[in-house]
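Just so it is clear, the structure is predicted and the values come from calculations on it, not from any experiment.
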Amino acid sequence: MAIPKPQTQNRALSENDWTLTPEQILFLMQQHNVIETAFASDDLELLRTIAASKDFMSLFGDMGFDEAYDHYETMLESVDAT
């Protein structure tokens, strides 16, 4: 009897899935205050630096910063609503 190969969970976001992986959420939570301060002061260069970082790129792949942060904000709003 063959032992089935374990199925790995695909944690990538589908086109209509607004769910972030735990690693993505943790990254954005750790950067939350910096990002909010950058938005408040219109410091787009800092936001570009975060988006170009090796950590961001490895976690979010080809997802843009605006889309990633939109997903994060949606997640925060849904937590606040409960």
Side-chain angles (χ1 to χ4, degrees):
M1 174 178 196
I3 299 173
K5 187 176 181 180
Q7 296 291 323
T8 58
Q9 182 181 6
N10 184 358
R11 299 177 106 179
L13 292 172
S14 70
E15 186 175 316
N16 295 320
D17 184 6
W18 281 78
T19 306
L20 296 174
T21 66
E23 294 83 6
Q24 292 169 326
I25 293 169
L26 181 60
F27 175 83
L28 291 172
M29 287 177 74
Q30 290 171 333
Q31 301 295 323
H32 181 86
N33 291 339
V34 172
I35 293 169
E36 288 296 313
T37 300
F39 274 125
S41 63
D42 290 326
D43 188 351
L44 299 180
E45 191 58 38
L46 178 56
L47 297 174
R48 288 185 192 106
T49 300
I50 294 170
S53 71
K54 187 166 59 168
D55 289 337
F56 182 89
M57 298 297 282
S58 69
L59 289 170
F60 293 93
D62 60 357
M63 182 188 303
F65 179 81
D66 289 338
E67 182 181 356
Y69 204 70
D70 283 347
H71 288 292
Y72 175 68
E73 286 182 315
T74 299
M75 186 265 320
L76 290 178
E77 290 169 2
S78 69
V79 170
D80 287 342
T82 58

**Student:** Any salt bridge (charged side-chain N to carboxylate O under 4.0 Å, His left out) pairs touching residues 50-65, not counting sequence neighbours?
**Tutor:**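 Sorted pair list comes back empty.
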**Student:** Please name the pair of heavy atoms, one in A51 and one in F65, separated by the smallest distance, quoted to 0.1 Å.
**Tutor:** CB-CB, 3.6 Å
**Student:** For M29, which residues count as a side chain to side chain contact (heavy atoms under 4.5 Å, CB included) partner, sequence neighbours excluded?
**Tutor:**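 Testing M29 for side chain to side chain contact (heavy atoms under 4.5 Å, CB included), a comparison that skips the adjacent residues, returns I25, Y72.
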**Student:** By side chain to side chain contact (heavy atoms under 4.5 Å, CB included), which residues pair with E73, not counting sequence neighbours?
**Tutor:** E36, Y69, D70
**Student:** Give a yes or no on whether V34 and L26 share a hydrophobic cluster (residues Ile, Leu, Val, Met, Phe, Trp, Tyr; joining criterion: side-chain heavy atoms under 4.5 Å apart).
**Tutor:**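 Unlinked, V34 and L26 end up in two clusters.
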**Student:** Indicate the ring-plane relationship of F27 and F60, choosing parallel, tilted or perpendicular according to the 30° and 60° boundaries.
**Tutor:** perpendicular
**Student:** Between CD of Q24 and NE2 of H71, what distance do you get to the nearest 0.5 Å?
**Tutor:**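 NE2 of H71 is found 8.5 Å from CD of Q24.
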**Student:** How many angstroms lie between atom CG of L28 and atom CE of M75, to the nearest 0.5 angstrom?
**Tutor:** 8.0 Å
**Student:** I'd like to check the side chain to side chain contact (heavy atoms under 4.5 Å, CB included) partners of D43; sequence neighbours left out, ordered by chain and number.
**Tutor:**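 D43: side chain to side chain contact (heavy atoms under 4.5 Å, CB included) contacts with A38, S41, E45, L46.
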